[in-house]
**Student:** 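Mind looking over this structure? Questions follow.
If you're wondering where the values come from, they're calculated on a predicted model, not measured in any experiment. Remember, it's 1-based here, ligands and their atoms both numbered in the order they're listed.
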Amino acid sequence: MTKLQEHDAMICRSCGNEERASEGYPCVDCGTFICVMCDMRGITRCKNCQTKRAAAAGAGETLPPPKTAG
Ligand SMILES: [Zn+2]
Ligand SMILES: [Zn+2]
């Protein structure tokens, strides 16, 4: 039951799943493939770019202490 698919599958650079390229989206930063599942979850960047953005946003990785906001 192994049917060869068309060359339409790509590895999502965010979750690592192999999904249909025609249903995916490009990373807004580098243009690499992001699957539709990630897009639905609000992910628009690949793991690389997300890490970069997080690092840039937090420059130094000094997170504030966890507050019990409630
Ligand atoms: Zn994905
Ligand atoms: Zn990217």
Side-chain angles (χ1 to χ4, degrees):
M1 285 279 259
T2 315
K3 195 184 171 192
L4 272 179
Q5 292 184 330
E6 290 176 41
H7 219 84
D8 189 30
M10 288 183 78
I11 304 292
C12 170
R13 291 304 169 193
S14 180
C15 68
N17 283 343
E18 192 173 280
E19 303 287 349
R20 298 197 64 170
S22 56
E23 289 174 2
Y25 296 85
C27 166
V28 293
D29 278 7
C30 72
T32 199
F33 177 66
I34 304 293
C35 75
V36 68
M37 297 303 289
C38 287
D39 185 77
M40 285 196 303
R41 285 155 61 192
I43 296 170
T44 54
R45 288 181 183 89
C46 68
K47 226 171 206 174
N48 261 352
C49 293
Q50 263 196 335
T51 305
K52 272 191 232 169
R53 298 291 282 212
E61 287 188 35
T62 40
L63 293 171
K67 265 199 228 169
T68 46

**Student:** Locate the shortest heavy-atom distance separating Gly16 from Ile11; write the atom from each residue and the value.
**Tutor:**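 The pair with the smallest heavy-atom distance is O-CG2, 3.7 Å.
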**Student:** Among protein atoms, how many N/O/S atoms lie less than 2.8 Å from the Zn ion (ligand 1)?
**Tutor:**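 Total protein N/O/S atoms under 2.8 Å from the Zn ion (ligand 1): 4.
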**Student:** Round to 10° and report the angle made at the Zn ion (ligand 2) by SG of Cys46 and SG of Cys30.
**Tutor:**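 Vertex the Zn ion (ligand 2), arms to SG of Cys46 and SG of Cys30: 110°.
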**Student:** Got a second to check how far Met10's CE is from Glu19's CD, nearest 0.5 Å?
**Tutor:**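 The CD atom of Glu19 is 12.0 Å from CE of Met10, to the nearest 0.5 Å.
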**Student:** Mind reading off the angle at the Zn ion (ligand 2) between the SG atom of Cys27 and the SG atom of Cys49, rounded to 10°?
**Tutor:**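 The two atoms subtend 110° at the Zn ion (ligand 2).
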**Student:** Just how far is it from atom CZ of Arg53 to atom CG of Asn48, taken to the nearest 0.5 Å?
**Tutor:**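 Answer rounded to 0.5 Å: 13.5 Å.
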**Student:** Less than 3.5 Å apart, which donor and acceptor atoms pair up between the side chains of residues 23-46 and the rest of the protein, not counting sequence neighbours?
**Tutor:**
{"residue": "Asp29", "atom": "OD1", "partner": "Arg45", "partner atom": "NE", "Å": "3.4"}
{"residue": "Asp29", "atom": "OD2", "partner": "Arg45", "partner atom": "NE", "Å": "3.2"}

